[in-house]
Amino acid sequence: MAAKMALVTLMLSFLLAAANAENGIYRATMIHRHTETGTINFTQAAHQSRHRLSMLALRLNKKTLSRVVDAQTPLTEDGKAGVYDMEISIGTPPQKLTALADTGSDLIWAKCGACSSCEPKGSPSYYPDKSSSFSKLRCFVPLCTALMSESDVSCGDGGAECDYRYSYGLEKDSHHYTQGYLANETFTLGGDTVPEIGFGCTTMSEGSYGSGSALIGLSRGPLSLVSQLNVTGFSYCLTSDASKKSPLLFGSGALLKGSGVQSTPFISEPDPSYYSVNLQSITIGDVTTPGTGYSGIVFDSGTTVTYLTDPAYTQAKAAVLRQTNLARAPDRDGFEACYQSPSNGRLAVPSMVLHFDGADMALAVKNYFVDMGDGVVCWFVQMSPSVSIIGNVMQVDFHVLHDVNNSVLSFQPANCDSLSSGASARLIPKFEGVSLLTALLCFILFLSY
């Protein structure tokens with residue numbers, strides 16, 4: 001009997017792995033850094049978001065670069081600044097790491113070896129010499145060629161190595177970069193192993209990258225995890241409780257089901273690798289103001305604050321100020337619509353709805369007003385001189401699907417706190433047209449004879 005049960009367990013593992021591989025279903029989780037109490041420091045989040053705004057804007061054309069805000073640390077993260085990490089493992093056997101989940105970039109990289117000249121200091125590294133599945137990528141393979149268009153690349157060891165220096169930040173700032181060589185490895189996402197993922201094996205870096213050990217690019221670029229998995233898309237559901245894990249699903253398991261799903265097409269502005277959509281207008285209370293239109297607004301999980309370019313920002317802010325019945329507080333940290341928190345905790349603020357091309361996103365108050373501390377609440381939107389961004393606070397408790405195959409972004413209101421614990425149970429994959437549970441039942445009946 002024990003032998004039969006062991007065989008059942010082995011068969012179950014096989015069916016799960018086979019079904020996931022067949023359907024391209026991968027599950028991972030995202031966590032807030034150092035937020036065991038569920039508290040985010042929104043002042044620090046605002047500082048980090050301004051730096052990230054600079055980084056995203058720098059990828060645009062030269063005309064846009066002239067309007068970029070001045071920042072010296074475009075990829076700075078703070079432990080309580082609302083930044084999301086992925087939980088991953090690299091190598092065989094798996095080496096566990098945390099990595100910044102970044103929908104605004106495509107390079108995947110991790111600290112490799114001792115990495116004594118790497119930031120951040122003290123975070124775990126991946127060790128290639130402890131993995132049986134590690135191999136270097138040669139120069140002029142497709143991933144190396146793609147990287148050449150984004151960074152400085154040289155062919156080391158007679159072409160057997162694709163060396164890179166990938167810079168973040170302003171051109172005048174040479175102290176924020178990651179440097180190393182491209183390699184192939186097996187990545188583990190949740191319980192799924194994925195072989196031959198190309199990534200940057202970083203041996204030197206400068207800059208402040210928070211406490212994680214790696215960065216996972218999730219953009220539409222050729223180097224991203226999304227492109228390398230060759231999946232139809234991915235989705236996430238960001239929890240309102242920052243101490244809870246947020247589910248991150250790839251492939252057919254990422255599809256949205258049920259009522260309330262709305263969709264809008266991706267557009268190529270401000271950059272085709274970004275997840276940008278047409279924000280046609282914004283309704284604040286009973287006033288409708290212009291959106292960003294075909295200039296685009298980027299859905300970005302790596303930015304906490306929401307940014308609007310003018311005239312969208314100025315007119316939306318004016319509508320907020322005219323219709324908010326609270327005592328004003330001084331502006332702070334770039335927020336220009338701040339108020340004293342009411343003693344009863346009830347915010348008398350106007351509603352806010354984002355109108356996209358074919359979709360309306362009705363926001364909860366928590367998506368656009370936050371408690372800054374010291375008895376002050378602020379409208380969590382700032383003016384951008386370059387790129388419009390929908391930050392992760394505005395996406396909380398929405399299941400957001402990036403449908404790469406169909407170039408569509410879909411969203412659905414959701415209780416992400418419950419989805420974080422129940423997502424896997426509701427996703428039963430299919431194996432050759434037969435449900436996994438049916439296949440397992442047939443196998444058990446077979447063993448009983």
Side-chain angles (χ1 to χ4, degrees), residues 10 13-14 16-18 20-21 24-31 85-102 105-144 146-147 151 153 155-166 178-205 209-218 222-231 248 250:
L10 180 62
S13 299
F14 168 76
L16 280 168
N20 283 349
I25 299 172
Y26 305 98
R27 302 174 181 86
T29 55
M30 297 196 297
I31 55 173
D85 277 340
M86 281 179 65
E87 296 179 310
I88 63 168
S89 295
I90 305 177
T92 306
Q95 301 175 40
K96 293 183 179 180
L97 302 172
T98 58
L100 173 65
D102 185 11
S105 67
D106 67 342
L107 178 66
I108 304 168
W109 61 264
K111 290 171 55 177
C112 283
C115 215
S116 59
S117 298
C118 290
E119 297 292 341
K121 304 290 186 185
S123 64
S125 287
Y126 154 76
Y127 287 86
D129 58 350
K130 295 182 179 180
S131 173
S132 61
S133 51
F134 168 82
S135 64
K136 290 185 178 180
L137 283 178
R138 297 181 63 86
C139 219
F140 301 114
V141 298
L143 284 182
C144 185
L147 186 58
S151 64
V153 172
C155 296
D157 195 18
E161 189 170 289
C162 180
D163 299 322
Y164 67 88
R165 181 185 174 100
Y166 193 94
T178 177
Q179 179 175 314
Y181 55 89
L182 286 186
N184 256 350
E185 243 313 2
T186 295
F187 276 54
T188 301
L189 307 173
D192 303 315
T193 57
V194 189
E196 298 186 353
I197 294 295
F199 75 108
C201 202
T202 288
T203 56
M204 182 180 296
S205 64
Y209 301 98
S211 59
S213 303
L215 186 147
I216 304 296
L218 296 174
L223 299 162
S224 77
L225 182 62
V226 179
S227 297
Q228 293 194 58
L229 290 176
N230 194 28
V231 291
L248 174 61
F250 296 89

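Values reported hereafter were calculated over all heavy atoms of this structure, with side chains retained and with hydrogens, waters and symmetry mates removed.
Looking at every heavy atom in both residues, L248 comes nearest to M86 through CD2-SD, 3.6 Å. S205 and C118 get closest at one heavy-atom pair: OG-CA, 3.4 Å. Considering all non-hydrogen atoms of both residues, P93 and K130 come closest at CD-O, 3.7 Å. Considering every non-hydrogen atom in both C201 and Y164, the closest pair reads N-OH, 3.6 Å. Contact detail for R165 and S151: the closest heavy-atom pair is O-CB, 3.3 Å.
For the pair L97 and K111, the minimum side-chain heavy-atom distance is 4.5 Å or more.
No donor-acceptor pair closer than 3.5 Å links the side chain of T186 to the backbone N or O of G91. A distance-only check finds no donor-acceptor pair linking the side chain of T202 to the backbone of T178 [under 3.5 Å]. Using modelled atom types, one side-chain atom of Q95 and one backbone atom of Y127 make a donor-acceptor pair closer than 3.5 Å. For the pair Q228 (side chain) and L223 (backbone), a donor-acceptor distance under 3.5 Å is present.
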Test log, rule side-chain contact (heavy atoms from CB on, under 4.5 Å), inputs L229 and L189: CA-CA 11 Å; L229 290 176; L189 307 173; 4.2 Å; yes

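For the cysteines C144 and C162, the sulfur (SG) atoms lie within a distance shorter than 2.5 angstrom of each other.
Residue pairs meeting the ring pair (Phe, Tyr, Trp, His ring centres under 6.0 Å) criterion with at least one member in residues 178-204, sequence neighbours excluded: Y126-F199, F187-F199.
The distance from atom OG1 of T29 to atom CD1 of I31, rounded to the nearest 0.5 Å, is 7.0 Å. D102 CG to D85 CG: the interatomic distance, rounded to the nearest 0.5 Å, is 11.0 Å. To the nearest 0.5 Å, atoms CD1 (I90) and CD1 (I108) are separated by 9.0 Å.
Between the side chains of T203 and Q179, no donor N or O sits under 3.5 Å from an acceptor N or O.
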